[in-house]
Asker: 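If you scroll down you'll find the structure; I have some questions about it.
Atoms considered below: every heavy atom in the structure, side chains included; atoms not considered: hydrogens, waters and symmetry mates.
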Number of protein chains: 2
Amino acid sequence: METITAEDYIKRIYSIERHSNFASTSSIAKALEVSDASANDMMKRLSEQGYVKYIPRKGVQLTKKGKIIALKIVRRHRLWEMFLVKFLGYSWDEIHNEAERLEHVTSESLEARIDKALNFPTVDPHGDPIPTANGELIETEYQLLNDCEKGSAGIISRVSDKSPEVLQYLKNIGLGLQTKLKIVDKISFDGSIIVKANKQIIPLSPKLAQCIFIQPVTA
Amino acid sequence: METITAEDYIKRIYSIERHSNFASTSSIAKALEVSDASANDMMKRLSEQGYVKYIPRKGVQLTKKGKIIALKIVRRHRLWEMFLVKFLGYSWDEIHNEAERLEHVTSESLEARIDKALNFPTVDPHGDPIPTANGELIETEYQLLNDCEKGSAGIISRVSDKSPEVLQYLKNIGLGLQTKLKIVDKISFDGSIIVKANKQIIPLSPKLAQCIFIQPVTA
DNA sequence: ATATAGATTTAGACTAACCTAAAAAATAAT
DNA sequence: ATTATTTTTTAGGTTAGTCTAAATCTATAT
């Protein structure tokens, strides 16, 4: 049985591994805001318990056992996020921290009931895919808004959930999942992107546009 | 800030105190299934932190600060129980353990939203009163089924949530909150109580009847 | 090739939980 | 009143998690 802390480590290792193959001690430490020494300690513990393969001075990789836990936690996190939005009226910028705690106290039974109550959703309120009950995760590769061409159109299909401020700002300017938009201009000198959505012209900084993923449409 | 463990201790002390003034080390240890030594340790810690008044060789009493925490946790527990029943289709015998974990990871905001979604309930699915947001608890004193007189009638208004088996059994024989019943007989030699409910004659052992609380009605 | 910077690991300590076994105090029984 | 029993406390240990500071290893740059 995993402790809450161990679950958090495993989850972070999973997300680091997705773009860097090995998760280094320091990257884990930084992500979890603990000292390198603490992260190193935990790597030994997780390795003993078979959740990670630990290669000293290199980093760790999740084992099959570790990956199952990671996906379970991610699934519960995203199901909770969806649930908080659909059943309790939360908005997408307020749910991350709540889900961060709830994910660790969710039984199989509760997970299944939430899933059913939501009619088996495939994505969370930020458009992130929800792993299935048997640990499959289907990632759709969307286009970064920055990479969309002038004149093209698309639908907002995923938004980075890294920063609540970004989510709150997008909410305020009326951009959400499924919002249809058209790239009316791209300012070359600063990278800004001007879009048209909800019949409004909205300028977006490159940093903001980097948080938005688009499903292209022809129209 | 309280740890989950400390919250559990505080909650148990609260419930012990309600019928015994002082909570002894051993009663706490037994309730939480830990050794006397562990409970004793925790009493010192909770006392240092101002949650209890610790009188060596006597026991502990919650301070005002401790009582506030206890009622907060009880409130969250009972709100969750209600929520699990109303929104996720759980039955009253399946909710205790889920709520036992959820109660510790519930923010003020989440608590308030659940409360609102349930339209501010005053009792949980077992008929136990839900403390208000500012820590008031209104206990209604019902009559124990065992103490009801032959021929009298009443409504099941509260059921002990101590044992899931009892709750499950009652559910199976069709007895629930708000079920109206009439005491048709009381068997003196073994203390059994024969009731009529839902047009059926149902015999109840004294031990079972002890779990049922009645609001008398004249009819 | 060696010095230096950067990352990683070890050493040693702390806290909150828990435990067992022994000691001390309070209560009950003769 | 003295013994026996029960309850409470202390003493000493364990584990999971955290930390700082020091040591070690790796890689880069001159």
Asker: Tell me whether the rings of A:W80 and A:F83 are parallel (<30°), tilted (30 to 60°) or perpendicular (>60°).
Answerer: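 Correct class here is perpendicular.
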Asker: Roughly, in whole Å, what's the span from CZ in A:R57 to C1' in D:dC25?
Answerer: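 Distance, rounded to whole Å: 4 Å.
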Asker: Taking the nucleotide of DNA chain D with the nearest heavy atom to each, does B:D36 or A:Y9 sit closer to the 5' end?
Answerer: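 The answer here is B:D36.
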Asker: Nearest-Å distance, CD (A:E48) to C1' (D:dA16)?
Answerer: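 Answer to the nearest Å: 12 Å.
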Asker: Among D:dT9, D:dC19, D:dG17, which nucleotide sits nearest the side chain of A:T3?
Answerer: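 Selected nucleotide: D:dG17.
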Asker: Would you mind reading off the distance between A:L32 atom CG and D:dG17 atom P, rounded to a whole angstrom?
Answerer: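 Taking atom P of D:dG17 as the reference, CG of A:L32 is at 12 Å.
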Asker: Side chain of A:T25 only, heavy atoms from C-beta on: which candidate in C:dC18, C:dT9, D:dC19 is closest?
Answerer: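 Minimum distance to the A:T25 side chain belongs to C:dT9.
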Asker: Heavy atoms only: give me the nearest B:K171-B:S91 pair and the separation to one decimal.
Answerer: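 It is NZ-OG, 3.1 Å.
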Asker: Considering only side-chain heavy atoms of B:A37, which listed nucleotide, C:dA17, D:dT8, D:dA11, is closest?
Answerer: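 Closest nucleotide to the B:A37 side chain: D:dA11.
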Asker: Between B:K58 and A:D41, which residue's closest nucleotide on DNA chain D lies nearer the 5′ terminus?
Answerer: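 Residue closer to the 5' terminus by nearest nucleotide: B:K58.
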Asker: Output the rounded distance in Å from CD1 (B:I10) to P (C:dA17).
Answerer: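 That distance rounds to 10 Å.
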Asker: Within the pair A:N40 and C:dT9, is there a side-chain N or O less than 4.0 Å away from OP1 or OP2?
Answerer: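 A:N40 to C:dT9 OP1/OP2: side-chain N or O found under 4.0 Å.
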Asker: Over 60° means perpendicular and under 30° means parallel, so classify the ring planes of A:F87 and B:F87, tilted if in between.
Answerer: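 Rings of B:F87 and A:F87: perpendicular, as their planes differ by over 60°.
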Asker: For A:M43 and D:dA16, what is the distance between atoms CE and C1' respectively, to the nearest whole Å?
Answerer: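 Going from CE in A:M43 over to C1' in D:dA16 covers 13 Å.
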Asker: Examine the side chains of B:D8 and B:H104 and answer whether a donor and an acceptor come within less than 3.5 Å of each other.
Answerer: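 Yes.
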Asker: Think A:S35 has a side-chain N or O under 4.0 angstrom from the OP1 or OP2 of D:dC19?
Answerer: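 Yes.
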Asker: Over all strands shown, is A:T5 touching base, sugar-phosphate only, or nothing at heavy-atom distances under 4.0 angstrom?
Answerer: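 Sugar-phosphate: the residue A:T5, judged by heavy atoms under 4.0 Å, touches backbone atoms but no base.
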Asker: Please determine if B:R76 and B:E7 form a salt bridge, counting it only when a charged side-chain N lies under 4.0 Å from a carboxylate O.
Answerer: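 Salt bridge: no.
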Asker: To the nearest Å, give me how far apart NZ (A:K44) and P (C:dT8) are.
Answerer: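 Roughly 14 Å, once rounded to whole Å.
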Asker: Closer than 4.0 Å, any side-chain N/O of B:S26 to the OP1 or OP2 of D:dT8?
Answerer: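 For B:S26, the contact criterion (side-chain N or O under 4.0 Å from OP1 or OP2 of D:dT8) is met.
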Asker: Check the distance between C:dA16's P and B:E2's CD and give it to me in whole angstrom.
Answerer: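 Computing the B:E2:CD to C:dA16:P distance gives 13 Å.
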Asker: Without decimals, in angstroms, what is the distance between B:L46 CG and C:dA17 P?
Answerer: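 Rounded to the whole Å, the gap is 8 Å.
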Asker: Check the phosphate of C:dT8 against A:Y54, side-chain N and O only, distance under 4.0 Å to OP1 or OP2. Yes or no?
Answerer: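 False: A:Y54 side-chain N/O out of range (4.0 Å or more) of C:dT8 OP1/OP2.
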